Protein chains: 2
Amino acid sequence: MNNRRQKEIPSPVIRRVSKYLIHIERLEEKGRKWVSSKDLADALGLTRSTVRMDVSYLRVSGVSKRGYAVEKFRKTVAKFLGVHKGCKVIIVGAGNLGRALALHKAFAQKGFKIGGIFDSDSGLLNEKVGSLRIRSMDTLSQVVRRQKIRLAIIAVPAQAAQEVADKLVQAGVRGLLNLACADLIVPNSVAVIESRIAMDLRELCCAVRMRE
Amino acid sequence: MNNRRQKEIPSPVIRRVSKYLIHIERLEEKGRKWVSSKDLADALGLTRSTVRMDVSYLRVSGVSKRGYAVEKFRKTVAKFLGVHKGCKVIIVGAGNLGRALALHKAFAQKGFKIGGIFDSDSGLLNEKVGSLRIRSMDTLSQVVRRQKIRLAIIAVPAQAAQEVADKLVQAGVRGLLNLACADLIVPNSVAVIESRIAMDLRELCCAVRMRE
DNA sequence: TAGATTGTTAATCGATTAACAATC
DNA sequence: TAGATTGTTAATCGATTAACAATC
């Protein structure tokens, strides 16, 4: 593909690193100063080797016998993931799920700010969701440009998902979190993470059967 | 581990198979009778080899030159995943997210039925969410036993997640879908799928940065 | 110092892809 | 028949784990 500033990171590593961050944040709250690869491995059910390999992708250097400095680790990981206070996200779809996410406290806690909620149903226009007002899809592109929004959550029914994705991509959004049960086709330059709860449930169903 | 009836299936396979099911269901609605490994591979961005290997784990046999019979494929995959009409799930946590999921239409469409919604806040007791009433945590174990519930969705704040998981496990639930930003510790006999939207957003953040 | 832990290289393991005979 | 597709085995690729010297 195109030449990247960053070394190519395997996606299992990224997934684990975002788990490390959650864990490290909790340790920091508790006042812990140091964490070792063994601590992390035990807490997350991994091997020490895996943790150390993952850490080697970051620019965190550890100290023999003590491990990694918690605060520095947390800062470096947050920077690595591109997470910073006030990273803005918009939500498309103001149904039950879209509204719930707009009000979801964990987002703010994890550094995200909801930059707007949109719906194609003009009956919902201007209705309040927390401190936000539901906006029309016509204003989407303008909002994305003005506020320099890069991330969007798709919380619309499956049939509408592709059309919404197209609009978002055209408006310049760079990453989509897809909650709809639909496979999205997007240009290579746009990242998509699937988070389809109904699909997860099916996977769970299967996992349960496997261990019976 | 314990001896299983089923051959051990790699989890990437399970994840892909649940994607096949979504796709196949749509094809069936459209009246398609046959689907080939090439069709599936193209639709989901995989190689034909991968699709055929995955299919070989199922008990679907294909026909040279035509591929797989759509209806039979769909039925076999649904059975393989353990998904059947009316598979019951309970939701713990009647905050924004829990309520939204209780009302979420995609669940019913995908064969799941919400068997109850629970919250520890007695102020919410008996409040209506769609056709359900919010129940107290004290009744959880009874409901799980009577209705033979095997799956639960955890939609409570991170601090409460482990306690809720313990209660669910004790009540006899076999699979947990965790929406809380907390790492759950459960016995090996219980399956856990993580579906933490805030974490997914962070992963997305990172993915976006990678391709800049 | 002795012991614990990092950082990195090499070995292992498993998943994906390629290849191809069998089949319709 | 010729061509397309399955089903399976072998080759490749990449991720995980093990091992160990360096370090504090």
Side-chain angles (χ1 to χ4, degrees), chain A residues 1 4 6-20 23-24 27 32-74 76-77 80 203 206-207 210, chain B residues 1 4 6-20 23-24 27 32-74 76-77 80 203 206-207 210:
Chain A
M1 323 262 147
R4 314 198 170 172
Q6 195 112 15
K7 210 200 311 176
E8 191 75 51
I9 317 271
S11 77
V13 174
I14 298 179
R15 214 165 308 133
R16 284 193 300 266
V17 167
S18 61
K19 285 195 177 195
Y20 299 156
H23 190 72
I24 277 280
L27 292 181
R32 272 278 289 278
K33 297 297 180 208
W34 295 90
V35 64
S36 70
S37 57
K38 184 175 187 307
D39 296 335
L40 283 169
D42 291 350
L44 300 171
L46 305 167
T47 66
R48 274 170 270 190
S49 290
T50 302
V51 174
R52 286 208 298 277
M53 281 301 256
D54 290 347
V55 170
S56 76
Y57 283 99
L58 314 166
R59 293 286 148 158
V60 183
S61 50
V63 177
S64 289
K65 219 181 153 178
R66 282 193 285 184
Y68 309 97
V70 167
E71 193 191 351
K72 192 174 135 206
F73 194 122
R74 194 254 307 148
T76 311
V77 171
F80 169 81
E203 211 180 309
C206 187
M210 293 296 180
Chain B
M1 323 259 148
R4 316 199 168 171
Q6 193 111 16
K7 209 200 312 176
E8 191 75 50
I9 317 271
S11 77
V13 174
I14 298 179
R15 214 165 307 133
R16 284 194 299 265
V17 167
S18 61
K19 285 195 174 193
Y20 299 156
H23 190 72
I24 278 281
L27 292 181
R32 272 279 289 279
K33 298 296 180 208
W34 296 91
V35 64
S36 71
S37 56
K38 184 176 187 307
D39 295 335
L40 282 169
D42 291 349
L44 300 170
L46 305 167
T47 67
R48 273 170 270 191
S49 290
T50 302
V51 173
R52 287 207 299 277
M53 282 300 257
D54 289 347
V55 170
S56 76
Y57 282 100
L58 314 166
R59 294 287 150 154
V60 183
S61 50
V63 177
S64 288
K65 220 183 153 177
R66 283 193 286 183
Y68 309 96
V70 167
E71 193 191 352
K72 192 174 135 207
F73 194 123
R74 194 255 307 148
T76 311
V77 172
F80 169 81
E203 211 179 308
C206 187
M210 293 296 180

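Reminder, nothing fancy here: chain letters follow the sequence lines and each chain counts from 1. The model shown is predicted, which means the values in this text are computed figures rather than measured ones.
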Just need the stems in DNA chain D: three or more back-to-back Watson-Crick or G-U pairs, each with both distances under 3.5 angstrom, sorted by first number.
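Expected stems, ordered by start: C:3-24 with D:3-24.
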
Verdict with reasoning, A:Leu40 to A:Leu46, per side chain to side chain contact (heavy atoms under 4.5 Å, CB included):
CA-CA 8 Å; A:Leu40 283 169; A:Leu46 305 167; over 6 Å; no

Could you grab the distance from atom [atom1] of [X] to atom [atom2] of [Y], nearest 0.5 Å is fine?
| X | Y | atom1 | atom2 | result |
| --- | --- | --- | --- | --- |
| A:Glu71 | A:Thr76 | CD | OG1 | 10.0 Å |
| A:Ile14 | A:Tyr57 | CD1 | OH | 10.0 Å |
| A:Leu58 | A:Lys72 | CG | NZ | 11.5 Å |

Partner of B:Asp54 by salt bridge (charged side-chain N to carboxylate O under 4.0 Å, His left out), out of B:Arg16, B:Lys19, B:Arg48
B:Arg16

Given D:dA15, C:dA15, D:dT16, which nucleotide is nearest the side-chain atoms of A:Pro10?
D:dA15

Determine, step by step, whether A:Tyr20 and A:Val35 satisfy the side chain to side chain contact (heavy atoms under 4.5 Å, CB included) criterion, reporting the C-alpha distance in whole Å, the side-chain angles of both residues, the deciding distance to 0.1 Å, and the verdict.
CA-CA 11 Å; A:Tyr20 299 156; A:Val35 64; over 6 Å; no

From [atom1] of [X] over to [atom2] of [N], roughly how many Å is that when rounded to an integer?
| X | N | atom1 | atom2 | result |
| --- | --- | --- | --- | --- |
| B:Ile14 | C:dT16 | CD1 | P | 12 Å |
| B:Asp39 | D:dA4 | CG | P | 14 Å |
| B:Leu44 | C:dT17 | CG | P | 13 Å |

What is the minimum heavy-atom distance between A:Phe80 and B:Cys206, and which atoms define it?
O-SG, 4.0 Å

Evaluate the side chain to side chain contact (heavy atoms under 4.5 Å, CB included) criterion for residues A:Trp34 and A:Asp39: first the C-alpha distance (whole Å), next the side-chain angles of each, then the deciding distance (0.1 Å), finally the verdict.
CA-CA 10 Å; A:Trp34 295 90; A:Asp39 296 335; over 6 Å; no

Sugar-phosphate or base contact per nucleotide [nucleotides 5-13 of chain D; S, B, -; heavy atom under 4.0 Å]:
BBBBB----

NA contact type, B:Thr47, heavy-atom cut-off 4.0 Å: base, sugar-phosphate, or nothing?
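Sugar-phosphate: the residue B:Thr47, judged by heavy atoms under 4.0 Å, touches backbone atoms but no base.
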
